[in-house]
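The structure appears below as structure tokens.
Chain letters run A, B, ... following the sequence lines, proteins first and then strands; every chain starts at 1.
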Amino acid sequence: MSIRLFDSKEGALRAFVPLEPNRVSVYVCGPTVQSSPHVGHLRSALVYDLLRRWLTHEGYDVTLVRNVTDIDDKVLDNAAAAGIEKWWALAYRMELEFSQAYAALGILPPTYEPRATASIPEMIALIERLIDRGHAYVAADDSGDVYFDTRRWPSYGSLTHQNPDDMDAAADADLRGKNDARDFALWKGHKVGEPDSANWTTPWGGGRPGWHIECSAMATKYLGSSFDIHGGGLDLRFPHHENELAQSEAAGDGFAQYWLHNGLVSIGGQKMSKSLGNSVFAADLLAASDAIVLRYLLGSAHYRSTLELHETAIAEAQAAFDRITGFLARVNRSAAADVVAGQVPEAFREAMNDDLNIPQGIAVIFDEVRSGNTMLDDGMIAKAVSIAERIVAMLDVLGLNPGAPEWNNTGTQPSAVALELLLEQLLLNRQEARDTRDFAAADKIRDNLAAAGITIEDTPTGAHWSLHGR
RNA sequence: GGUGGAUUGGCCGAGAGGCUAGGCAGCGGCCUGCAAAGCCGUCCACGCGGGUUCGAAUCCCGCAUCCACCUCCA
């Protein structure tokens with residue numbers, strides 16, 4: 001039983017065989033830190049976090065590199081538009097926002113997170129190799145730009161299965177110093193008015209890197225000239241990934257063996273993006289919901305599908321996830337101990353191995369929840385515990401185990417202790433009222449608590465309370 | 001014009017020739033003082049038109065609609 005992944009370049013599912021046994025190298029295109037993270041960025045990072053967790057679970061030693069694009073047209077433009085903030089200050093401020101949002105969602109830090117500005121020498125060396133091999137040229141217009149020569153690279157278009165001649169040739173595009181409209185910038189010559197801090201010296205003049213070259217340079221710098229998996233959002237397939245592939249292969253690198261592309265997040269059937277102005281920002285959504293529920297929601301569609309962020313999505317995800325945690329809480333009460341992780345069921349493994357079919361894996365969790373609840377109803381505690389152990393194992397793989405350290409943010413605060421004591425007393429009062437069949441008084445306590453967002457559940461062993469389903 | 005992808009029940013969302021996921025919501029029941037939670041049952045499906053087949057949501061052909069990308073984007 002091996003892992004199968006959908007390789008965008010082949011356009012088919014392929015059995016995953018790493019270059020080195022038991023080791024996997026993954027490069028993921030991270031964000032351009034030009035503005036605050038939105039839900040789409042979170043989903044993308046989450047997809048590769050889940051891939052990494054699954055590969056790790058299956059015994060692979062995973063090296064995950066996710067870059068930070070901290071020098072780019074937009075970074076410079078946005079900093080200039082804002083006024084006094086330096087471009088590097090903006091980039092760093094945004095990078096911190098991204099890191100915070102990732103951490104809030106339980107997305108593990110990558111093995112390494114290189115910044116583009118820290119690999120300029122490698123980019124320059126790569127561009128020199130391309131010039132030497134005749135695949136790149138310095139623009140004839142004295143701009144200092146360097147372009148990749150797409151016409152001299154016969155396989156250009158192979159990633160996205162396009163014939164360059166059929167591409168919409170942006171009729172009004174300014175050729176500048178290009179030989180062909182499809183040639184793309186490896187290097188952008190320094191322009192008057194651009195900050196000196198964004199001006200690096202090269203054999204062909206000062207300037208800054210183009211967008212695509214950084215990923216080729218950093219992927220091979222950290223993962224080698226050939227590595228296993230390259231991932232990123234579907235909207236990066238062209239031009240970004242096509243150009244990465246072209247320049248890396250033209251320079252003689254083997255580059256990525258598998259290309260993965262995650263689906264986008266849509267609102268009302270339309271892609272969420274910075275340029276469309278329909279972004280739902282990570283910070284807003286994290287403020288409006290439990291982070292673990294948001295993680296469940298963003299992981300609940302297959303990674304290649306478009307995920308529609310509809311109005312009631314969070315409430316539905318909360319209800320669904322409460323069903324899982326509700327069962328675990330029942331088991332913990334019955335067993336008077338916290339359940340630990342066991343082995344994942346074979347059906348779950350098969351789903352995950354099949355191109356990371358997490359929706360199918362979640363269905364396995366709910367099947368287990370149902371049978372586990374039945375066991376509890378029938379008083380078969382030991383069986384319920386072993387089911388719960390399997391569920392915790394699956395939740396661990398998905399980063400959704402509410403008992404895992406990254407989610408453990410309650411219980412020790414003074415306010416939580418005070419709440420616990422108050423609730424104990426109120427439940428006692430309610431029980432006394434019920435014992436004397438004073439149901440009006442008992443229900444008043446329950447109604448008051450419900451108004452405060454606290455739910456009471458009566459069980460054969462006494463009443464339990466929960467806040468927001470936890 | 002080119003390249004990919006999608007259309008599944010009230011909603012979300014898997015599957016991929018016969019076994020008709022899962023969740024949310026709804027309805028009926030069990031349980032409960034009443035609830036809640038849980039369990040059982042239940043309603044509601046595969047965009048349209050053809051074709052192949054004993055059998056098609058699934059394969060083939062055509063059509064429609066939508067989405068993404070074609071050098072700013074996760």
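- At least one cation-pi condition fails for Arg182(A) and Tyr156(A): the charged atom is not both under 6.0 angstrom from the six-membered ring centre and inside a 45 degree cone around its axis.
- Screening residues 145-154 of chain A for salt bridge (Lys or Arg N to Asp or Glu O under 4.0 Å), with sequence neighbours left out, gives Arg151(A)-Asp180(A).
- Within the 4.0 angstrom heavy-atom criterion, no nucleotide atom of any strand lies near Asp77(A).
- Every residue meeting the side-chain contact (heavy atoms from CB on, under 4.5 Å) condition with Leu400(A), not counting sequence neighbours, appears here in chain and number order: Ile292(A), Arg295(A), Tyr296(A), Phe321(A), Leu395(A), Leu398(A).
- With sequence neighbours excluded, the residues that form a side-chain hydrogen bond (donor to acceptor under 3.5 Å, both in side chains) with Ser25(A) are Asp228(A).
- Side chain to side chain, Gln162(A) and Thr160(A) meet the donor-acceptor criterion of an N or O pair below 3.5 Å.
- Of the residues in residues 26-46 of chain A, those lying under 4.0 Å from RNA chain B by heavy-atom distance are Gly30(A), Pro31(A), Thr32(A), His38(A), Gly40(A), His41(A), Ser44(A).
- Looking at heavy-atom distances under 4.0 Å, Ala363(A) makes contact with a base.
- Side-chain atoms of Asn262(A) lie closest to rA74(B) of the nucleotides rG4(B), rU71(B), rA74(B).
- Residue Lys271(A) has its side chain nearest to rA68(B) when only rC24(B), rA68(B), rG23(B) are considered.
- In the model, Asp72(A) has no side-chain atom that pairs as donor or acceptor with a side-chain atom of Gln34(A) under 3.5 Å.
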For RNA chain B, the dot-bracket pattern of Watson-Crick and G-U pairs whose distances stay under 3.5 Å, | for other-strand partners: (((((((..(((.....[...))).(((((.......)))))....(((((..]....))))))))))))....
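- For Tyr156(A) and rU3(B), a side-chain-to-base donor-acceptor distance below 3.5 Å is absent, hydrogens and geometry of angles not being considered.
- Positionally, the nearest nucleotide of RNA chain B for Gly11(A) lies more toward the 5' end than for the other of Gly11(A) and Met272(A).
- Looking only at atom types and distance, the side chain of Asn262(A) has no donor-acceptor partner in the side chain of Arg43(A) under 3.5 Å away.
- Picking from rG2(B), rC24(B), rA74(B) the nucleotide with the shortest atom distance to the side chain of Gln162(A) gives rG2(B).
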Summary of protein contacts for nucleotides 9-18 of chain B, nucleotide by nucleotide, where a base hit scores B, a sugar-phosphate-only hit scores S (4.0 Å, heavy atoms): --SSSSS---
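- Looking at heavy-atom distances under 4.0 Å, Phe366(A) makes contact with sugar-phosphate atoms alone, never a base.
- Sorted by residue number, the list of members of residues 382-395 of chain A with any non-hydrogen atom under 4.0 Å from RNA chain B is empty.
- No contact: Tyr147(A) has no heavy atom under 4.0 Å from any strand.
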Donor-acceptor pairs under 3.5 Å, side chain of residues 364-371 of chain A to any protein atom, not counting sequence neighbours: which ones?
{"from": "Glu368(A)", "atom 1": "OE1", "to": "Arg390(A)", "atom 2": "NH2", "distance (Å)": "3.2"}
{"from": "Glu368(A)", "atom 1": "OE2", "to": "Arg390(A)", "atom 2": "NE", "distance (Å)": "3.1"}
{"from": "Ser371(A)", "atom 1": "OG", "to": "Asp367(A)", "atom 2": "O", "distance (Å)": "3.4"}
{"from": "Ser371(A)", "atom 1": "OG", "to": "Glu368(A)", "atom 2": "O", "distance (Å)": "3.2"}

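- Not a single ring-ring contact (aromatic ring centres under 6.0 Å, His included) links Phe281(A) to another residue, sequence neighbours left out.
- Applying the side-chain contact (heavy atoms from CB on, under 4.5 Å) criterion to Leu234(A), with sequence neighbours excluded, gives Arg237(A), His261(A), Leu264(A).
- If you check every strand for non-hydrogen atoms under 4.0 Å, Gln270(A) touches sugar and phosphate atoms only.
- Rounded to an integer number of Å, the gap from His230(A) NE2 to rA74(B) P is 13 Å.
- Using a 3.5 Å distance cut-off with no hydrogens or angles, the side chains of Gln318(A) and Ser289(A) do not pair a donor with an acceptor.
- Counting non-hydrogen atoms under 4.0 angstrom, Val364(A) reaches nothing in the nucleic acid.
- Summarising the geometry, atom CG belonging to Asp458(A) is positioned 8.5 Å from atom CG belonging to Leu427(A); distances are rounded to the nearest 0.5 Å.
- Checked by atom type, the side-chain pair Ser143(A)/Asp141(A) shows a donor-acceptor distance below 3.5 Å.
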Heavy-atom protein contacts under 4.0 Å, nucleotides 35-40 of chain B, coded B base, S sugar-phosphate only, - none: BBSSSS
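- Applying the salt bridge (charged side-chain N to carboxylate O under 4.0 Å, His left out) test to Glu113(A) and every residue at least two apart in sequence or in another chain returns Arg66(A).
- Nearest-nucleotide positions on RNA chain B place Arg304(A) closer to the 5' end than the other of Ala320(A) and Arg304(A).
- When each of Phe184(A), Tyr137(A), Trp187(A) is tested with Phe148(A) by the rule ring pair (Phe, Tyr, Trp, His ring centres under 6.0 Å), just one qualifies, namely Phe184(A).
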